[in-house]
Number of protein chains: 2
Amino acid sequence: MTAPTSVPADPHSPAANPRRRVGRPAAAVLDQNGITAAALQLIGKSGYDGFTMAALARTLNVAPSALYNHVSSKQDVLVLVQDHLTSFVDVSAFETGPWEQAVRDWAWSYRDVFSKHTPLIPVIAVLPVTDAPKTLAMYEAVSAGFSRAGFPQERIIPAIVALESFIFGSAYDVTAPADIFDSGSMAASTPHFTAAVERLAEDSQEKAADVAFSLGLEALLAGLGTLRVA
Amino acid sequence: MTAPTSVPADPHSPAANPRRRVGRPAAAVLDQNGITAAALQLIGKSGYDGFTMAALARTLNVAPSALYNHVSSKQDVLVLVQDHLTSFVDVSAFETGPWEQAVRDWAWSYRDVFSKHTPLIPVIAVLPVTDAPKTLAMYEAVSAGFSRAGFPQERIIPAIVALESFIFGSAYDVTAPADIFDSGSMAASTPHFTAAVERLAEDSQEKAADVAFSLGLEALLAGLGTLRVA
DNA sequence: ACCACTAAATGAATGCCGTTCATTTAGAAT
DNA sequence: ATTCTAAATGAACGGCATTCATTTAGTGGT
């Protein structure tokens with residue numbers, strides 16, 4: 001019923017092939033889906049440093065300026081990529097499983113997706129949901145899960161935002177160098193910190209970022225879980 | 001005793017004016033402190049978009065290339081600014097007050113400082129502490145507080161990292177537009193989410209970001225507090 | 001078959017960016 | 001006075017996102 005794109009129904013439209021818009025020159029080498037796919041592929045191969053409008057155009061065999069017929073800025077492309085990536089975040093457990101495990105699954109997959117795309121985090125964190133339909137769909141699935149789990153309505157959004165903030169910050173943490181906490185020549189003047197860092201390195205097969213994420217997530221689950229009333 | 005800068009004592013040094021280095025041309029219009037102060041001022045006036053090496057040089061009445069005698073890159077300047085800002089984060093309560101209140105004070109001030117400087121978050125989150133002495137000093141104060149509060153050594157760093165991740169993510173949240181969750185024309189297809197957003201807007205004199213930060217922080221405090229043993 | 005229309009692609013140009021480098025400047029040391 | 005050198009200069013470089021006048025090539029109407 002509700003079409004995802006807000007194109008008003010055209011009474012004159014023939015039973016059109018949706019790939020081709022009526023009454024228009026066809027061909028159309030470029031569209032938003034193709035641009036999004038190419039951008040994702042380019043980012044995967046060259047990283048965000050190599051992700052330029054010129055490089056994107058080259059992978060599409062097109063002049064850079066051609067992109068601007070379908071997208072209004074580079075920021076626009078990043079929004080498209082962000083929204084596409086969000087569809088890889090796993091919300092399936094909110095429909096079936098218990099709340100706590102659903103949040104766990106969601107949070108880990110959310111972090112894993114965006115830890116490989118940290119340059120998008122400033123984009124997501126400030127992006128109106130209207131501009132990102134797949135992201136909105138994720139929020140709906142998560143909200144429904146929280147509602148079903150007995151959260152009071154007015155706490156649902158703050159709880160999700162708090163979890164999301166933790167997830168975004170933790171995504172950065174995944175990309176930090178292993179020796180980020182090596183205090184080097186300053187070790188003598190920071191005894192408590194240095195001792196704690198050494199203790200951490202001794203145990204923990206696990207990666208440091210995973211330990212911290214698990215610890216924080218379980219603490220949040222416990223703390224937020226007490227809000228449930230049903 | 002422990003000098004913050006690792007300059008080895010020079011036996012030949014005269015009872016020198018520390019502003020002037022021995023045996024060198026004096027004057028020195030530029031130094032790292034001056035660059036840091038000018039950068040901070042420029043960012044305050046023009047934001048991070050207006051913060052360019054050319055603009056920074058102009059506020060210092062100097063050619064852009066002159067900056068590169070004192071810093072090796074723009075990223076370098078950002079690191080200097082980041083470290084300077086960290087000295088504004090309040091860790092005083094870790095010396096005196098109870099653990100829980102100390103973390104609260106620290107977390108709120110940490111978030112407030114960097115919510116005005118979110119472009120630095122990708123810098124901090126991945127920066128080795130060796131390159132940021134004031135940041136290292138903050139970690140020492142916080143670590144000491146956690147140790148004193150009875151945290152097992154191997155949990156101190158993960159707990160701090162988890163809190164920091166939440167703080168960084170929340171700093172972005174502060175800058176989000178007020179209507180970020182307005183689902184607009186998609187409202188009909190996202191009933192749970194839309195209902196939760198409306199409920200949030202009804203109550204809450206407080207700003208949405210503050211509600212979410214408070215909720216998440218208190219949950220983390222409760223959850224992490226159970227790790228204490230002493 | 002032709003024309004008028006138009007979305008899409010082009011390629012040149014713009015302005016800004018961070019950074020490099022050969023050169024100059026001006027104090028300090030000898 | 002001469003030598004040394006850190007610091008500042010100004011011109012240049014390559015790369016960037018974006019713009020715009022122009023061209024291209026299908027389409028619907030006649």
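Since this is a predicted model, take the numbers as computed values, not measurements. The sequence lines fix the lettering, A, B, ..., with proteins before strands; numbering per chain opens at 1.
- Following rounding to the nearest Å, B/Asp49 (CG) and C/dC16 (C1') show an atom-to-atom distance of 13 Å.
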N/O-N/O pairs, protein side and nucleotides 23-25 of chain C side, under 3.5 Å:
none

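- Using modelled atom types, one finds no donor on one side chain facing an acceptor on the other under 3.5 Å when comparing A/Thr194 with A/Glu198.
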Side chains of residues 52-59 of chain B: which donor-acceptor partners sit under 3.5 Å, not counting sequence neighbours?
residue : atom : partner : partner atom : Å
B/Thr52 : OG1  : B/Ala55 : N            : 3.0
B/Thr59 : OG1  : B/Leu56 : O            : 2.9

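- The nearest whole Å value for the distance from the CG atom in A/Asn61 to the P atom in C/dT10 is 9 Å.
- Rounding to whole angstrom units, CD1 of residue B/Ile35 and P of D/dA8 are separated by 8 Å.
- As rounded to whole Å, 14 Å separates atom P of C/dT10 from atom CZ of A/Arg58.
- A straight line from CG of A/Leu67 to C1' of D/dC16 spans 14 Å, rounded to a whole angstrom.
- The distance between atom CG of A/Asn69 and atom P of D/dT19, rounded to the nearest whole Å, is 12 Å.
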Enumerate donor-acceptor pairs with a distance under 3.5 Å from any side-chain N or O in residues 173-181 of chain B to protein atoms, sequence neighbours excluded.
residue  : atom : partner  : partner atom : Å
B/Thr175 : OG1  : B/Tyr172 : O            : 2.7

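- A search for salt bridge (charged side-chain N to carboxylate O under 4.0 Å, His left out) contacts involving B/Asp131 returns nothing, not counting sequence neighbours.
- Aromatic ring orientation, B/His117 versus B/Tyr48: perpendicular (interplanar angle above 60°, classes split at 30° and 60°).
- Residues A/Val103 and A/Phe94 are in side-chain contact: their nearest non-hydrogen atoms beyond the backbone lie under 4.5 Å apart.
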All N/O contacts under 3.5 Å from nucleotides 18-22 of chain C to the protein, with atom names and distances to one decimal?
residue : atom : partner : partner atom : Å
C/dG18  : OP1  : B/Met53 : N            : 3.4
C/dG18  : OP1  : B/Lys74 : NZ           : 2.9
C/dG18  : OP2  : B/Met53 : N            : 3.1
C/dT19  : OP2  : B/Tyr68 : OH           : 2.6
C/dT19  : OP2  : B/Lys74 : N            : 2.8
C/dT19  : O5'  : B/Tyr68 : OH           : 3.3

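- Contact detail for B/Asp31 and B/His70: the closest heavy-atom pair is CA-ND1, 4.1 Å.
- Taking the salt bridge (charged side-chain N to carboxylate O under 4.0 Å, His left out) definition, one finds that B/Asp112 meets it with nothing, sequence neighbours left out.
- Proximity of B/His70 to the phosphate of D/dA8: a side-chain N or O atom is located under 4.0 Å from OP1 or OP2.
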